[in-house]
**Student:** 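There's a structure below that I have some questions on.
For the numbers below, each heavy atom of this structure counts, side chains included, while hydrogens, waters and symmetry mates do not.
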Amino acid sequence: MNKPIYVSLGDSKTHVTGQYVSSAKTYPFLLASQIKWNLYNFAVAGSSIGWAMALNLKGKTVDHITIEFGYNDREYLSESLATRQIQYEKLIDSLRLFQPNVKLYCISPLVSADVSGAAPLYIK
């Protein structure tokens, strides 16, 4: 029996850097292990939203995609939120073009609820 193909796109929280020292502790790995999917983690530490990431999936067979971006876009880039939104929409549109039948899951940025100032941005 063929296992479903799962691709994760994102930044360091999805890739591993900045979260743990082992990719086996990232949410994509744990999710894929738990539900027995084949994982391809295309996340890149330090990355931000970019529609061109969808080109990696052109012509491939993919069943599920998770997207988790946001922190680097908010903290380190000088573009406006409106510009970032356009990039995010282009990414989603491109993924839909190249993977019309994929189940696509968009995850809110993973942030800290620490209000001490150590993590200056958080979602309540």
**Student:** My understanding is that only residues two or more places apart in sequence, or in another chain, count here; which of them pass side-chain contact (heavy atoms from CB on, under 4.5 Å) with Leu30?
**Tutor:** none
**Student:** Are Phe29 and Ile35 connected in a single hydrophobic cluster, I mean Ile/Leu/Val/Met/Phe/Trp/Tyr linked by side-chain heavy atoms less than 4.5 Å apart?
**Tutor:** yes
**Student:** Please name the pair of heavy atoms, one in Ile67 and one in Ile65, separated by the smallest distance, quoted to 0.1 Å.
**Tutor:** CG1-CG2, 4.1 Å
**Student:** Looking at Pro28 and Asn41, what are the two nearest heavy atoms and their distance?
**Tutor:** CG-ND2, 4.1 Å
**Student:** Taking only residues two or more places apart in sequence or in another chain, which ones pass side-chain contact (heavy atoms from CB on, under 4.5 Å) with Asn56?
**Tutor:** Phe42
**Student:** Could you give the distance from NZ (Lys3) to CG (Leu39), rounded to the nearest 0.5 Å?
**Tutor:** 11.0 Å
**Student:** Mind listing the closest non-hydrogen atom pair of Trp37 and Leu31 along with its distance?
**Tutor:** CZ3-CD2, 4.4 Å
**Student:** Is there any side-chain hydrogen bond (donor to acceptor under 3.5 Å, both in side chains) pair reaching into residues 86-97, and which pairs are they, with sequence neighbours excluded?
**Tutor:** Gln85-Glu89
**Student:** If you compare all heavy atoms of Ile92 against all heavy atoms of Cys106, which two are closest, and at what distance to 0.1 Å?
**Tutor:** CD1-SG, 3.7 Å
**Student:** By side-chain contact (heavy atoms from CB on, under 4.5 Å), which residues pair with Lys60, not counting sequence neighbours?
**Tutor:** Val62, Gln99
**Student:** Using the test side-chain hydrogen bond (donor to acceptor under 3.5 Å, both in side chains), find all partners of Tyr6 that sit at least two apart in sequence or belong to another chain.
**Tutor:** Thr66
**Student:** Output all residues satisfying side-chain hydrogen bond (donor to acceptor under 3.5 Å, both in side chains) with Thr61, sequence neighbours left out; order by chain, then residue number.
**Tutor:** none
**Student:** Is the shortest heavy-atom distance from the side chain of Val102 to the side chain of Asp63 under 4.5 Å?
**Tutor:** no
**Student:** Answer yes or no: is there a side-chain heavy-atom contact under 4.5 Å between Pro4 and Asn38?
**Tutor:** no
**Student:** Nearest 0.5 angstrom please: Ile5 CD1 to Leu57 CG, how far?
**Tutor:** 11.5 Å
**Student:** Hey, could you give me the OH/OG distance between Tyr27 and Ser8, rounded to the nearest 0.5 Å?
**Tutor:** 6.0 Å
**Student:** Kindly work out whether a path of hydrophobic side-chain contacts (I/L/V/M/F/W/Y, heavy atoms less than 4.5 Å apart) joins Tyr40 to Tyr105.
**Tutor:** no
